[in-house]
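Given the structure is predicted, the values throughout are model-derived calculations rather than measurements.
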Amino acid sequence: MISNTFAAIAAAAVICTSSLAFAQMASAKIADTSKGKALVDGKGMTLYTFDKDAGGKSMCNGPCADNWPPLMASADAKATGDWTVVARDDGKMMWAYKAKPLYTWKKDSAPGDTTGDGFNNGVWHMATP
């Protein structure tokens, strides 16, 4: 009886710990698009990078962020491997891949759309793994 209780507590601790770690990671994955492999968010929407972002800082704020919503991160998110967390001007956190902040494009209407790639004289790029 005691060993069953201990096993149940240990299993619950492992589940909680792994859930916390998963919640802290970027909800992004790799998917195929008409332009090749791309990083996409949890809904399958293509992620983009912005040429004006530099030094791990997002330069897309205000109306820019309305059109290019950032891939937001929780306040307790932790960097891992190529994934880092960037503080935005409003103090909220967003995900970056290889030091480039990540965004979706409001005019992409379905998973796999890449209409933002090359937008605005080529300053927006599909994020690739």
Side-chain angles (χ1 to χ4, degrees):
M1 174 90 158
I2 292 176
S3 63
N4 286 346
T5 303
F6 179 73
I9 291 170
V14 167
I15 291 168
C16 290
T17 302
S18 62
S19 296
L20 179 59
F22 181 76
Q24 291 176 344
M25 293 179 63
S27 57
K29 58 188 174 188
I30 299 170
D32 290 316
T33 71
S34 62
K35 294 186 175 186
K37 296 213 179 287
L39 296 176
V40 298
D41 69 6
K43 296 176 184 174
M45 303 306 287
T46 302
L47 294 169
Y48 298 90
T49 60
F50 184 39
D51 283 347
K52 294 183 180 182
D53 291 345
K57 179 164 174 33
S58 171
M59 300 303 292
C60 182
N61 295 288
C64 178
D66 292 338
N67 290 317
W68 298 91
L71 181 62
M72 300 306 292
S74 63
D76 63 346
K78 305 283 186 234
T80 179
D82 289 329
W83 294 93
T84 54
V85 182
V86 174
R88 297 185 46 75
D89 284 355
D90 63 6
K92 294 180 181 172
M93 305 303 281
M94 71 180 292
W95 285 105
Y97 182 74
K98 295 186 177 178
K100 295 203 161 259
L102 297 169
Y103 310 85
T104 56
W105 169 229
K106 78 173 189 177
K107 293 190 178 179
D108 280 350
S109 58
D113 284 355
T114 59
T115 64
D117 191 39
F119 191 79
N120 196 17
N121 296 316
V123 298
W124 288 96
H125 307 279
M126 185 174 73
T128 56

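For the 3.5 Å distance criterion, the side chains of Thr46 and Trp105 fail to qualify, holding no donor opposite an acceptor. Between the side chains of Asp113 and Thr115, no donor N or O sits under 3.5 Å from an acceptor N or O. Side chains of Asp53 and Thr49: no donor on one and acceptor on the other come within 3.5 Å.
The NZ atom of Lys106 lies 13.0 Å from the CE atom of Met45; values are rounded to the nearest 0.5 Å. Here the CG atom belonging to Asp76 is positioned 10.0 Å from the CE atom belonging to Met93, to the nearest 0.5 angstrom. Annotation: the span from Cys60 atom SG to Leu102 atom CG amounts to 12.0 Å, rounded to 0.5 Å. Atoms CE and OG1, from Met72 and Thr104 in turn, are 11.0 Å apart once rounded to the nearest 0.5 Å. Note: Leu47 CG to Thr128 OG1 = 11.0 Å, rounded to the nearest 0.5 Å. Between the OG atom of Ser58 and the CH2 atom of Trp68 there is a distance of 12.5 Å, given to the nearest 0.5 Å.
Nearest heavy atoms, Arg88 versus Ala65: NH2-CB, 3.6 Å. Closest approach of Lys37 to Ile30, counting heavy atoms only: CD-CG2, 3.9 Å. In terms of heavy-atom proximity, Lys43 sits nearest to Pro111 at O-CG, 3.5 Å. Nearest heavy atoms, Ala99 versus Pro101: O-CD, 3.5 Å. Nearest heavy atom pair, residue Ser34 against residue Thr114, reads OG-OG1, 3.9 Å. Minimum interatomic distance between Gly116 and Asp108 (heavy atoms only, all atoms of both residues): N-OD1, 3.8 Å.
Transitive grouping of hydrophobic side chains (ILVMFWY, heavy atoms separated by less than 4.5 Å) keeps Val40 and Met94 in distinct clusters. Placement of Val85 and Met59 in two distinct hydrophobic clusters is found when ILVMFWY residues are connected by side-chain heavy-atom separations under 4.5 Å, directly or transitively. The hydrophobic cluster containing Leu39 does not contain Val123, counting ILVMFWY residues as joined when their side-chain heavy atoms lie under 4.5 angstrom apart, directly or transitively. Cluster membership check: Val86 does not share its hydrophobic cluster with Trp83, using side-chain heavy-atom separations under 4.5 Å among Ile, Leu, Val, Met, Phe, Trp and Tyr.
Tested against Leu71 for a side-chain contact (heavy atoms from CB on, under 4.5 Å), the candidates Tyr48, Tyr97, Trp95, Tyr103 yield a single pass: Trp95.
Ionic pairing of Lys57 and Asp89 is present here: one or more N-O contacts between side-chain nitrogen and carboxylate oxygen are shorter than 4.0 angstrom.
Within a 6.0 Å radius of CG in Asn121, no more than 12 heavy atoms belonging to other residues, nucleotides or ligands are found.
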